[in-house]
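All values below come from the heavy atoms of this structure, side chains included, with hydrogens, waters and symmetry mates left out. Just so we're on the same page: letters track the sequence lines, and every chain starts at 1.
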Amino acid sequence: MDPLDELRRQRIEKLEKLESLGVNPYAHAFDRTHSAAEVLGAFEPDGAASLTVAVAGRLVSLRRMGKASFAHIADASGRIQVYFAQDRLGEAGYAVFRLLDLGDFIGVKGEVFRTRTGETTIQAAELTLLSKSLRPLPIVKEKIEGDEKTVYDAFADKETRYRQRYADLAVNPDVRRTFVLRSRIVSEMRRYLEGRGYLEVETPALQPQYGGAFARPFTTHHHALDMPLYLRIADELYLKRLLVGGFEGVFEIAKDFRNEGMDRDHNPEFTMMELYVAYRDYGFMQSLVEDMVHSVCLNVLGAGTVSHQGTELRFEPPWERIPFFEAIRRRTGEDCSGMDIPALKALAAGLRLQIEGSPGRGKWLDEIFSQTVQPHLVQPTFITDYPIELSPLAKKHRSSPGLVERFEGFVAGRELCNAFSELNDPLDQRRRFQEQAGLRAAGDEEAMLLDEDFLRALEYGMPPTAGLGIGVDRLTMLLTDAPTIRDVILFPAMRPERSA
RNA sequence: GAGGGUGUAGCUCAGCUGGUAGAGCAACGGCCUUUUAAGCCGUGGGUCCAGGGUUCGAUUCCCUGCACCCUCACCA
């Protein structure tokens, strides 16, 4: 027999014994009076009144000693010790206790006391089995000495932790904490924006034509309409349509899907917050971003700085602003702003950079930037005023020809956000799309598609608008000190498991 | 996509130069009513990732495949 099956069989046998004792191994509900943490907070060892509580949780440690035992149960708030003694529970109750396994969910009712060694503990007067666990969780022993917590043989196998996140969460409280923080980060962003009058909206994830970013899409097929559909790679073009419609400030927090490589910064589906506001430009948006991110950091972590992978990141505004070409000049000593493709190619060769195919000027510039500048952008920094070739949806710079009013925020060498004064000139937008069509014809699979409906909307008229996209996963990585995006996505994309 | 690494019990890991595998925890049985990595005595548990090859013999050496991890590339 499969050894795991043997462990499961033992537990099923116990389950059957429990049923024969009249115990329902899968109860319908249990009324709690306290969480584990609340018991610890409420108990006054020297208080005159006794404290009787009902708590529920998963059995995570067990020390059996004949007719009395100690155990810990864990709920979302933490863990608390429970003392099971036959003379209190009765023989029938203790018989049920004997059939419990680590991992079972139980409810316990009883008086709180303090043990000889000083640990606040519930003396179980009643025990209710809430859910029998049939498969051994990698529950681990812990030793707590003062503030020192030692975990023995922690459940650490990354593959299993990602594939079976439920087990990871059940066993590793720090993982739960990360996802609580993620929720608070999103919640704080939402609160920040709602407090300033922005309207949260939902736009299509299934789109007849994708756009708003450079990426290959996931494609699917609508049977009833017998037509291809694409999962969105960005929200941008739909949100801008809403400004045509008269909304003056909208945002959307949603999944985007990009059919590309995966690494520690990329998951094929990821969460983006996009924001568009009328009558504003990218300068306004810079202020908004630095203020919002600082505010989120402050409200979620209680400080405006965070330690990320050993580096202290300081989010207090203002963030440094460096124009794109200036940033390259500082790193390479070269001013690329006037360079044509051969000159850029020569510079790239000098830097030992290579690009496959026959890239355009934008691609060369981007490559030079991302190799020479980006890794050095550790503290929050805005790179501003990008070359127009890189930004077909951004408005031309008001004073510098060849540039657009665009900025990207970088933190810890990673792109955090992308924003611009939105292009609202429909004739210019059409020309930019046509340039993209040219790149596409030349083999650039990620070049943008011309979107006639979007152009129609722009022709009706879109007010001057500032737009923003922030990577929610990346922001979460920064604020939770996560080294990889997989640590901030509950169920990250994985190759299929070998059939078990 | 390239290079490197890893894959052994439910979990964490040993296993030197080839001779069909060990530990701790978990599990099972026994003793134990204030323990806390509880303790003591005993027991069971393995397709050594998969498939080929070399060999008398492969967990070990070679090849191929798969998964995961790291670095680089791609993904601006």
Undergrad: Enumerate the protein-to-nucleotides 26-30 of chain B contacts in which both atoms are nitrogen or oxygen and the separation is below 3.5 Å.
TA:
unit_1, atom_1, unit_2, atom_2, d
rA26(B), OP1, Lys141(A), NZ, 2.5
rA27(B), O2', Gln10(A), OE1, 2.0
rA27(B), O2', Gln10(A), NE2, 3.1
rC28(B), OP1, Lys14(A), NZ, 2.2

Undergrad: Give me the distance, rounded to whole Å, that separates rA58(B) from rG18(B) when you measure between the C1' atoms they each carry.
TA: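 Taking atom C1' in both rA58(B) and rG18(B), they lie 6 Å apart.
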Undergrad: Using purine N1 to pyrimidine N3 plus N6-O4 or O6-N4 for Watson-Crick, or N1-O2 and O6-N3 for G-U wobble, each under 3.5 Å, what pairs with rG57(B)?
TA: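 Partner of rG57(B): none found under 3.5 Å.
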Undergrad: Do the ring planes of Tyr386(A) and Phe324(A) sit parallel (below 30°), tilted (30 to 60°) or perpendicular (above 60°)?
TA: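 The rings of Tyr386(A) and Phe324(A) sit tilted, inter-plane angle from 30° to 60°.
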Undergrad: Base, sugar-phosphate alone, or nothing: which one does Glu446(A) contact when heavy atoms must sit under 4.0 Å apart?
TA: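 The residue Glu446(A) makes sugar-phosphate contact but no base contact.
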Undergrad: Which value, in whole Å, describes the distance between the P atoms of nucleotides rC69(B) and rA26(B)?
TA: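 Roughly 30 Å separates the two P atoms.
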Undergrad: Could you state the atom-to-atom distance from CG of Asp263(A) to C1' of rC72(B) in whole Å?
TA: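 Rounding to the nearest Å, CG of Asp263(A) and C1' of rC72(B) are 11 Å apart.
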Undergrad: On a whole-Å scale, what distance lies between the C1' atoms belonging to rG57(B) and rU71(B)?
TA: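 Comparing C1' positions in rG57(B) and rU71(B) gives a spacing of 39 Å.
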Undergrad: Asp5(A) CG to rA9(B) P: how many Å, rounded?
TA: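 Distance check: Asp5(A) CG to rA9(B) P gives 15 Å.
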Undergrad: At a heavy-atom distance below 4.0 Å, what parts of residues 322-335 of chain A sit against RNA chain B?
TA: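 Those residues: none at all.
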Undergrad: Touch check for Tyr83(A), heavy atoms < 4.0 angstrom, all strands: base, sugar-phosphate only, or nothing?
TA: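 The residue Tyr83(A) makes base contact.
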Undergrad: To the nearest angstrom, how far is Glu159(A) atom CD from rC70(B) atom C1'?
TA: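 One finds 15 Å between C1' of rC70(B) and CD of Glu159(A), rounded.
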Undergrad: Are Tyr282(A) and Phe420(A) an aromatic pair, judged by ring center distance below 6.0 Å?
TA: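 For Phe420(A) and Tyr282(A), the ring centres are not under 6.0 Å apart.
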Undergrad: Kindly point out which of rC11(B), rA67(B), rA73(B) is positioned nearest to the side chain of Gln371(A)?
TA: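 Selected nucleotide (nearest to the side chain): rA73(B).
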Undergrad: Can Asp428(A) and Arg432(A) be counted as an ion pair, charged N to O under 4.0 angstrom?
TA: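 Yes.
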Undergrad: Taking a pair as Watson-Crick or G-U wobble with both distances under 3.5 Å, which nucleotide is matched to rC25(B)?
TA: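 By the stated definition (distances under 3.5 Å), rG10(B) pairs with rC25(B).
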Undergrad: Quick one: do the Gln123(A) and Arg88(A) side chains pair a donor with an acceptor below 3.5 Å?
TA: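 No.
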Undergrad: Of the nucleotides rU33(B), rA67(B), rC70(B), which one has an atom closest to the side chain of Arg264(A)?
TA: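 Side chain of Arg264(A) sits closest to rC70(B).
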Undergrad: Write down the distance separating the C1' atoms in rA27(B) and rG44(B), rounded off to the nearest Å.
TA: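 Those two atoms are separated by 9 Å.
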Undergrad: Heavy atoms under 4.0 Å, any strand shown: does Met494(A) hit a base, just sugar-phosphate, or nothing?
TA: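 Here Met494(A) touches the backbone only, sparing every base.
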Undergrad: Starting from P on rU35(B), measure out to CD1 on Ile122(A) and report it in whole angstrom.
TA: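 Atom CD1 in Ile122(A) sits about 19 Å away from atom P in rU35(B).
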Undergrad: Calculate the interatomic distance between Arg116(A) atom CZ and rU33(B) atom P; express it in whole Å.
TA: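 Between P of rU33(B) and CZ of Arg116(A): 12 Å.
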Undergrad: Would you kindly check if the NZ (Lys) or CZ (Arg) of Arg258(A) is within the cone defined by 45 degrees around the ring axis of Phe218(A) and under 6.0 Å from the six-membered ring centre?
TA: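 That pair does not qualify as a cation-pi contact.
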Undergrad: Which residue, Thr115(A) or Pro138(A), contacts RNA chain B at a nucleotide closer to its 5' end, judged by nearest heavy atom?
TA: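 Comparing both residues, the 5'-ward one is Pro138(A).
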Undergrad: Nearest-Å distance, NE2 (His266(A)) to P (rA73(B))?
TA: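 Rounded to the whole Å, the gap is 12 Å.
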Undergrad: Go through the steps for Thr465(A) and Glu422(A) under the test side chain to side chain donor-acceptor pair (under 3.5 Å), then give the verdict.
TA: CA-CA 5 Å; Thr465(A) 295; Glu422(A) 300 292 339; over 6 Å; no
Undergrad: Does Phe113(A) or Gly261(A) map to a spot on RNA chain B nearer the 5' end, using the closest nucleotide for each?
TA: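 On the 5' side of the pair lies Phe113(A).
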Undergrad: Flag the pair Arg406(A) and Asp385(A) as a salt bridge only when some basic side-chain nitrogen lies within less than 4.0 angstrom of an acidic carboxylate oxygen.
TA: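 Looking at Arg406(A) and Asp385(A), the cut-off is not met.
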Undergrad: Counting only side-chain nitrogens and oxygens, does Arg486(A) get under 4.0 Å of the OP1 or OP2 atom of rC69(B)?
TA: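 The answer is yes; a side-chain N or O of Arg486(A) sits under 4.0 Å from OP1 or OP2.
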Undergrad: Hey, does Tyr162(A) reach any base, or is it just sugar-phosphate, or nothing, if we go heavy atoms under 4.0 Å?
TA: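 Counting heavy atoms under 4.0 Å across all strands, the contact made by Tyr162(A) is with sugar-phosphate only.
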Undergrad: Contact class for Gln81(A) (heavy atom, under 4.0 Å): base, sugar-phosphate, or nothing?
TA: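 Counting heavy atoms under 4.0 Å across all strands, the contact made by Gln81(A) includes a base.
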Undergrad: Please confirm whether the shortest side-chain N or O distance from Arg63(A) to OP1 or OP2 of rG39(B) is below 4.0 Å.
TA: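 No, because none of the side-chain N or O atoms of Arg63(A) sits under 4.0 Å from OP1 or OP2 of rG39(B).
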Undergrad: Record whether the side chain of Asp157(A) comes under 3.5 Å of the base of rC11(B) through a donor-acceptor pair of N or O atoms.
TA: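 Under the 3.5 Å cut-off, the side chain and the base do not form any donor-acceptor pair.
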Undergrad: Using the P atom in both, what is the distance from rC62(B) to rG7(B), to the nearest Å?
TA: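 Result for the P pair: 14 Å, nearest Å.
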Undergrad: Take atom P in rA9(B) and the same atom in rG22(B), then report the distance between them in whole Å.
TA: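 To the nearest whole Å, 14 Å.
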Undergrad: For a quick check of understanding: with a heavy-atom distance under 4.0 Å over all strands, which category does Asp265(A) fall into, base, sugar-phosphate or nothing?
TA: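 No contact at all - Asp265(A) keeps every heavy atom at 4.0 Å or more from the nucleic acid.
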Undergrad: Starting at CZ of Arg161(A) and ending at C1' of rA67(B), how long is that distance when rounded to a whole Å?
TA: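 After rounding, the reported distance stands at 17 Å.
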Undergrad: So, for Phe410(A) and Phe369(A), is the gap between ring centers shorter than 6.0 Å?
TA: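 Yes.
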Undergrad: With a 4.5 Å limit on heavy-atom distance, are the side chains of Lys240(A) and Leu393(A) in contact?
TA: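 SC-SC contact between Lys240(A) and Leu393(A) confirmed.
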Undergrad: rC68(B) and rG29(B): how far apart are their P atoms, nearest whole angstrom?
TA: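 Between the two P atoms, the distance is 39 Å.
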Undergrad: Checking all strands, does Lys67(A) fall into the base, sugar-phosphate, or nothing category for heavy-atom contacts under 4.0 angstrom?
TA: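 It contacts base atoms.
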Undergrad: Which residues satisfy the side chain to side chain donor-acceptor pair (under 3.5 Å) test with Glu326(A), sequence neighbours excluded?
TA: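 If we apply the side chain to side chain donor-acceptor pair (under 3.5 Å) test to Glu326(A), skipping adjacent residues, the hits are Arg329(A), Arg330(A).
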Undergrad: Give a yes/no on whether any side-chain N or O of Gln123(A) is located under 4.0 angstrom from OP1 or OP2 of rU33(B).
TA: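 It does not, given that no N or O in the side chain of Gln123(A) lies less than 4.0 Å from OP1 or OP2 of rU33(B).
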Undergrad: For rU35(B), give its Watson-Crick or G-U wobble partner with both distances under 3.5 Å, or none.
TA: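 Base-paired to nothing in any strand shown.
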Undergrad: Could you check whether Ala154(A) gets within reach of a base, just the sugar-phosphate, or nothing at all, counting any heavy atom under 4.0 Å?
TA: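 Answer is sugar-phosphate: Ala154(A) comes under 4.0 Å of backbone atoms only.
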Undergrad: Run the salt-bridge test on Arg414(A) and Asp265(A) with the 4.0 Å N-O cut-off and return the result as yes or no.
TA: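 Counted as a salt bridge, because a side-chain N and a carboxylate O are separated by less than 4.0 Å.
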Undergrad: Looking across every strand, which nucleic acid part, if any, lies under 4.0 Å from Ala215(A) by heavy atom: base, sugar-phosphate, or nothing?
TA: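 No contact.
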Undergrad: Would you call Arg216(A) and Glu445(A) a salt bridge, using N to O less than 4.0 angstrom?
TA: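 Between Glu445(A) and Arg216(A) there is a salt bridge, with a charged N closer than 4.0 Å to a carboxylate O.
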Undergrad: Rounded off to whole Å, could you give me the CG-to-C1' distance for the Asp153(A) and rU12(B) pair?
TA: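 Spelled out: CG on Asp153(A) to C1' on rU12(B) is 4 Å.
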Undergrad: Is there a Watson-Crick or G-U wobble partner for rG1(B) with both distances under 3.5 Å, and which nucleotide is it?
TA: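 The base-pairing partner of rG1(B), which may sit in any strand shown, is rC72(B).
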Undergrad: Could you tell me which nucleotide pairs with rC48(B) by Watson-Crick or G-U wobble geometry, both distances under 3.5 Å, or answer none if nothing does?
TA: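 Pairing partner, where one exists within any strand: none, as none qualifies.
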